[in-house]
J.: 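Structure provided below as structure tokens; questions to follow.
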Amino acid sequence: MALTGRTVLISALGALFVGFVLPSWLGILTVQLALLIAILCDLALAAPVRKLHFTRTGDTTVRLTDEAHTHLTVTNPTSRMLRAQIRDAWPPSSFRPGSDFPASRHTVRIPAAEPRRLTTTLHPTRRGDHHAVRVTVRSYGPLGLAARQGSRHVPWTLRVLPPFTSRKHLPAKLARLRELDGRTSILTRGEGTEFDSLRDYTPGDDTRSIDWRATARRQNLAVRTWRPERDRRILLVLETGRTSAGRVGDIPRLDASMDAALLLGALAARAGDRVDLLAYDRRIRASVQGRTARDLLPALTDALAPLESELVEADARGLAATIHRRTPRRSLIVLFTGLDAAPVEEALLPVLPSLTQRNELIVAAVADPRIEEMAVGRHTPQAVYAAAAAEQTHAARRRTADRLRHHGIAVIDSTPARLAPDLADAYLTLKSAGRL
């Protein structure tokens with residue numbers, strides 16, 4: 001006769017009753033034997049773990065700080081009811097601090113030959129690829145006295161993309177871009193502009209823009225309007241050596257550089273320019289080339305998501321050689337690196353002439369806002385010493401920036417919150433001046 005929960009319970013109660021009637025030592029032995037029988041029977045009635053089937057569905061990508069949902073479908077092919085606790089384990093960085101226990105554990109009852117879908121909500125706290133670790137099932141018997149346990153690897157990968165917090169600045173930058181593009185009355189002329197149309201002269205117009213032939217035909221002054229050229233080439237270069245690993249506030253410098261690169265890439269793509277990406281320290285860590293304006297932003301975010309700093313000194317000569325191969329024609333090169341004196345003066349400065357000979361170069365560096373806070377402190381002796389150290393740091397960065405500007409390089413040295421919009425403004429300024 002097959003065992004059931006009721007049979008096990010009646011047998012155990014009967015053995016306990018007999019145990020209390022018998023002498024004390026014999027009664028204790030009988031009670032222990034009854035409990036052991038009940039546990040063994042309960043274990044035998046627990047649904048086997050090895051026969052369970054698992055499949056996964058759900059989100060494969062999510063932006064940092066957003067939540068993702070992964071679904072684990074558990075099918076019970078056995079003839080027994082599955083009473084189980086199931087843990088869908090992920091790395092700790094996949095959850096908010098302190099939320100791993102309730103988020104990844106599920107209590108289920110699955111009848112024979114039926115499936116159940118379990119949803120685990122993830123709140124990643126780090127970029128990159130998050131891989132499911134294992135699924136652990138603890139299957140209990142009908143009395144809950146004993147359980148079978150086993151683990152299974154059910155693969156799934158969630159790619160956590162950069163948050164792109166500077167996206168909020170994009171509408172304002174696009175409005176300025178539309179002005180430069182000739183959609184309003186603000187039109188510019190320069191080396192990187194092309195003829196757009198003719199209009200009547202108004203006081204204040206540049207007299208060099210007067211079209212004398214058209215004026216003779218129309219019998220009134222006509223001026224040429226110009227719009228910035230499209231299809232310019234822009235190369236975003238992230239230096240991923242040890243200096244990019246330093247933390248500014250609660251994020252690495254590399255993450256602040258990524259955010260600025262995404263804003264500039266999105267803006268330049270809307271302007272009709274071609275944008276490529278290169279991440280380099282001693283070898284190429286990430287690369288994006290030849291993407292259309294529609295595909296550019298997804299390609300950039302996907303390439304940057306798993307990128308991490310390497311604790312090595314960047315190879316400036318190798319970086320310069322790689323840039324030369326990527327820029328066969330005049331381009332705007334935006335180099336995201338640090339302004340530490342030693343790496344710039346010993347490694348970067350010697351290769352700058354070859355980079356600036358035919359390209360426009362911007363160096364974008366992440367400044368530490370804590371240094372600015374220290375510089376204004378004067379209320380205690382300790383604050384005075386901290387302010388002196390902050391001023392010394394500021395002076396060193398200014399000297400390094402001045403040396404770069406001496407070579408015709410634009411330098412953007414801003415805090416993480418300001419780097420992206422400041423860099424976008426620098427790009428628009430170059431665009432309006434016709435230097436691209």
Side-chain angles (χ1 to χ4, degrees), residues 235-249 251-261 264 280-282 309-320 323 332-378 382-427 429-430 433 435:
L235 178 61
L236 307 175
V237 182
L238 280 83
E239 187 260 291
T240 56
R242 62 173 184 83
T243 57
S244 65
R247 299 187 71 84
V248 178
I251 62 171
R253 280 188 166 88
L254 180 61
D255 286 44
S257 298
M258 287 181 184
D259 192 55
L264 180 57
Y280 191 95
D281 43 71
R282 292 187 177 178
S309 300
E310 300 293 328
L311 300 181
V312 296
E313 200 70 47
D315 178 12
R317 294 189 180 278
L319 175 60
I323 291 175
L332 170 63
I333 300 171
V334 182
L335 176 59
F336 296 89
T337 187
L339 284 182
D340 297 336
V344 172
E345 294 177 3
E346 297 176 7
L348 187 59
L349 284 176
V351 302
L352 285 180
S354 63
L355 292 177
T356 58
Q357 186 175 6
R358 62 179 182 182
N359 300 305
E360 193 74 31
L361 182 59
I362 297 177
V363 170
V366 183
D368 191 346
R370 175 60 180 157
I371 301 298
E372 297 181 359
E373 296 173 5
M374 292 168 56
V376 299
R378 299 291 190 275
Q382 291 81 4
V384 172
Y385 282 111
E391 290 295 342
Q392 186 177 13
T393 301
H394 274 309
R397 293 177 71 88
R398 282 195 296 267
R399 286 194 299 270
T400 303
D402 290 342
R403 295 199 63 179
L404 293 173
R405 294 187 180 102
H406 180 71
H407 288 80
I409 300 170
V411 179
I412 309 296
D413 186 18
S414 303
T415 61
R418 291 300 313 165
L419 181 64
D422 288 350
L423 181 59
D425 287 339
Y427 164 76
T429 300
L430 290 175
R435 293 173 58 187

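Small disclaimer: the values here were computed from a predicted structure and weren't measured.
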J.: Within a strict 4.5 Å, meaning less than it, do heavy atoms of the Pro343 and Arg242 side chains meet?
T.: yes
J.: Any donor-acceptor pair under 3.5 Å linking the side-chain atoms of Thr243 with those of Asp340?
T.: no
J.: Count the heavy atoms belonging to other residues, nucleotides or ligands that lie under 6.0 Å from CZ of Arg247, then report whether that count exceeds 12.
T.: yes
J.: Would a 4.5 Å heavy-atom cut-off, applied to side chains only, mark Met374 and Glu391 as touching?
T.: no
J.: Give, for atom CG of Leu352 and atom CD of Gln357, the distance between the pair rounded to the nearest 0.5 Å.
T.: 12.5 Å
J.: Is the shortest heavy-atom distance from the side chain of Asp315 to the side chain of Tyr280 under 4.5 Å?
T.: yes
J.: Can you tell which of Leu238, Leu319, Leu236, Leu235 makes a side-chain contact (heavy atoms from CB on, under 4.5 Å) with Leu335?
T.: Leu319
J.: Stepwise, does the side-chain contact (heavy atoms from CB on, under 4.5 Å) test hold for Ile362 with Leu430?
T.: CA-CA 10 Å; Ile362 297 177; Leu430 290 175; 3.7 Å; yes
J.: When rounded to the nearest 0.5 angstrom, what is the spacing between CG in Leu311 and OG1 in Thr240?
T.: 10.5 Å
J.: Quick check for you: to the nearest 0.5 Å, what is the distance between Phe336 atom CZ and Arg253 atom CZ?
T.: 14.5 Å
J.: What closest approach, in Å, do Val411 and Arg405 show between heavy atoms, and which atom pair accounts for it?
T.: O-NH2, 3.5 Å
J.: If we only count heavy atoms from C-beta on, is the Leu404 to Leu339 side-chain gap below 4.5 Å?
T.: yes
J.: Looking only at non-hydrogen atoms, find the nearest pair between Pro416 and Ile251 and report the distance.
T.: CB-CD1, 4.4 Å
J.: Under a 4.5 Å cut-off applied to non-hydrogen side-chain atoms, are Glu239 and Ser257 in contact?
T.: no
J.: Is any side-chain heavy atom of Val237 closer than 4.5 Å to a side-chain heavy atom of Ile333?
T.: yes
J.: I want to check something: taking the side chain as every heavy atom from C-beta on, are Ser244 and Pro252 in contact at a cut-off of under 4.5 Å?
T.: no
J.: Inspect the surroundings of CD in Glu345 and state if more than 12 heavy atoms from other residues, nucleotides or ligands are less than 6.0 Å away.
T.: yes
J.: Has the side chain of Arg370 got a donor or acceptor atom that lies under 3.5 Å from a matching backbone atom of Val248?
T.: no
J.: Could you please spell out the steps behind the salt bridge (charged side-chain N to carboxylate O under 4.0 Å, His left out) verdict for Asp402 and Arg399?
T.: CA-CA 5 Å; Asp402 290 342; Arg399 286 194 299 270; over 6 Å; no
J.: Is there a side-chain contact between Arg397 and Asp413 in this structure, where contact means two heavy atoms from C-beta onward sitting under 4.5 Å apart?
T.: yes
J.: To the nearest 0.5 Å, what is the distance between CG (Leu361) and CG (Leu355)?
T.: 6.0 Å
